[in-house]
**Student:** 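Please read through the structure below; I'll follow up with questions.
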Amino acid sequence: MLQKKYRLKKYSAFIATYKNNHIVADDRICVYIGKEKTSDDVITKAAFVVSKKIHKRAVVRNRIKRLMRESFRLILKNNSFPNINKYISVICVAKNSAIDASFSDIDYSLKKNLSQIQ
RNA sequence: GAGAGCAUACGAACAAUCGCGUAUAGUAAUAUAUGAGGAAAGUCCGGACACCCAAGGGCAGAACGACGGAUAACGUCCGCCGAAGGCGACUUCAGGACCAGUGCCACAGAAAAGUAAACAACCGAUGAGGUUCAGGUGCAACGGUAGUGUAAAAGACUACAGGAGAUAUCGUGAGGUAUCUGCCGGGUAAACUCCGUUCGGGUGCAAGAUUGAAUUAAAGGAUAAGGUGACCCGCCGUCUUUAAAAAAAUCGCUUGAGCAUUAAGGUAACUUAAUGUCGAGACAGAUGAUUGUUUAGAAACAGAAUCCGGCUUAUGAUAUGCUCUCUUUU
RNA sequence: CGGGAUGUAGCGCAGCUUGGUAGCGCACCGUGUUCGGGUCGCGGGGGUCGCAAGUUCGAAUCUUGUCAUCCCGA
């Protein structure tokens, strides 16, 4: 789990990010990216979504969410993709094939997606 | 040794590094403590708690249904009775009433419930009338089997077992046992229904309480009519009051019919007392990642959302206790 | 947190109220018509009635539990 200041919270912020229509994806994870920052004071916020349509059990969904969070946390810590900091918000949505994936699989997919951001 | 019945335990542990929720301390950096389950699940019952209506009763409705107890309460639990199944340990049972009324019982069968038909038989006179077995049908045929009896027959009579009632006795009670009485016109209420018991009604923590900048002009209450099984909501008219609404924050929120141990009472469910103890509380929603060691092995079902008592369902590898039946050996 | 509906042949639906025979359309198979195909005519096959118990002589139908799918309200 990220610290509270890095979390995307508001319902309107989610809708605004989805409407921006800037998407990067592969077969496991789909990444929605928000608007560009106007000033450097704003912190980039992130959210992780696993739909109920992907799997019925809460345990499976929580597992995917936690793996994505852990991977994103390590990326933030090492600052390996500085392009993220140009944008306000990031939403990572898991897809159907993310079920039963290991940490290394999720980590590889997320890094591959984030590297495509300009 | 084989098979079976009942019940119980465990639900991986430790360490290092990087992280998250909450609490406490601190100006802060940070430090310390603590952090999912036996089902947290399904939401099938019962409560606590909160608000609105009503406060007296009835109708209607729903649930339940042998008996005695336990409990805050229950459709749950314990004990026990009866019935059914099993060689047995044991298991299962919505287990009140078709002498209040109404309905249904396909096919077959004379007939499926109405004081019961045709043929044969017998009495009679041949007619009217009276008595009535057996066979076969079917889940079920107006009591069963064997005999006595008679013109032929029939609980008309006898014996055996069954049901019902009465008396005696045992048990808190459901009921058990013994004796007596020919008293014996189907089944179905998980068909409508009747009887008894329980439930004030409704809404559910998004209940409900407090704070609140800018903005908007509406919101609440009372009364009468209509509608409804009933209540609530809603609509229209009149009167009256001045605050109200959405995003937001705080409270509700976790000390409770709590847990552990010991003792006492009780067949048991459970109750009482003493001592000790505090074990999640989020709000886009906290337990994760990597590595090492132990182990036969990083196993199953699965993630708290106001809180309790149950029920039901899902569940891996094993381990343990008691009991029953059969076989073999001593 | 609360409420409701559905499950029957490969597909879409009846039948359940009032329990005894499971049916309709399309699809499938055979056959006739045609030079051949379609259309049309005739005939035929195919269903543990979601699952498990119970009530009953007898259950798709009645009752209870359970599984799955879909919808609605706050």
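The chains referred to below are lettered A, B, ... by the order of the sequence lines, with proteins before strands, and numbering in each begins at 1.
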**Student:** Using atom C1' of each nucleotide, how far apart are G1(B) and A269(B) to the nearest Å?
**Tutor:** 40 Å

**Student:** Output the rounded distance in Å from CZ (R69(A)) to P (G21(B)).
**Tutor:** 11 Å

**Student:** Using atom P in both nucleotides, what's the gap between A302(B) and A41(B) to the nearest angstrom?
**Tutor:** 13 Å

**Student:** Watson-Crick or G-U wobble partner for A72(B), using a 3.5 Å limit on both distances?
**Tutor:** none

**Student:** By the definition side chain to side chain contact (heavy atoms under 4.5 Å, CB included), identify the one residue from V31(A), I33(A), I23(A) that meets it with N113(A).
**Tutor:** V31(A)

**Student:** With side chains defined as the heavy atoms from C-beta onward, is the minimum distance between K65(A) and R69(A) less than 4.5 Å?
**Tutor:** yes

**Student:** With rounding to the closest Å, how many angstrom separate the P atoms on C278(B) and C78(B)?
**Tutor:** 35 Å

**Student:** Mind checking the C1' distance from U295(B) to A299(B)? Whole angstroms is fine.
**Tutor:** 13 Å

**Student:** Regarding L74(A), tell me which of base, sugar-phosphate or nothing describes its non-hydrogen contacts under 4.0 Å with the strands shown.
**Tutor:** nothing

**Student:** With a 3.5 Å limit on both atom pairs, tell me what G175(B) is paired to, counting Watson-Crick and G-U wobble, or say none.
**Tutor:** C170(B)

**Student:** Could you identify the nucleotide paired to A5(C), looking across every strand shown and requiring Watson-Crick or G-U wobble geometry with both distances under 3.5 Å?
**Tutor:** U69(C)

**Student:** Whether R61(A) contacts A284(B) is assessed here as follows: a side-chain N or O lying under 4.0 Å from the phosphate OP1 or OP2. Is that the case?
**Tutor:** no

**Student:** Using both distances under 3.5 Å as the test, list the Watson-Crick or G-U wobble partner of U197(B), or none.
**Tutor:** A63(B)

**Student:** Counting Watson-Crick and G-U wobble pairs only, both distances under 3.5 Å, name the nucleotide matched with G185(B), or none.
**Tutor:** none

**Student:** Verify the distance criterion only: is there a donor paired with an acceptor across the side chains of D107(A) and S104(A) at less than 3.5 Å?
**Tutor:** no

**Student:** What about R66(A), does its side chain sit under 3.5 Å from the base of G303(B) through a donor-acceptor pair?
**Tutor:** yes

**Student:** If I take atom CZ in residue F72(A) and atom C1' in nucleotide C18(B), what distance separates them, rounded to the nearest angstrom?
**Tutor:** 17 Å

**Student:** Using the closest heavy atom to pick a nucleotide of RNA chain B for each, name whichever of A58(A) or A47(A) lands nearer the 5' end.
**Tutor:** A47(A)

**Student:** Taking atom CZ of F103(A) as the centre, does the number of heavy atoms from other residues, nucleotides or ligands within less than 6.0 Å exceed 12?
**Tutor:** yes

**Student:** With P as the reference atom in both, quote the distance from G185(B) to C62(C) in angstrom, rounded to an integer.
**Tutor:** 37 Å

**Student:** Between U69(C) and C29(C), how far apart are the C1' atoms? Round to whole Å, please.
**Tutor:** 33 Å

**Student:** Between K65(A) and F103(A), which has a closest nucleotide on RNA chain B that is more 5'?
**Tutor:** K65(A)

**Student:** Ignoring hydrogens and angles, answer whether the base of C18(B) and the side-chain atoms of R73(A) contain a donor-acceptor pair closer than 3.5 Å.
**Tutor:** yes

**Student:** Please answer whether the main-chain N or O of M68(A) pairs with a side-chain N or O of S71(A) as donor and acceptor at a distance below 3.5 Å.
**Tutor:** no

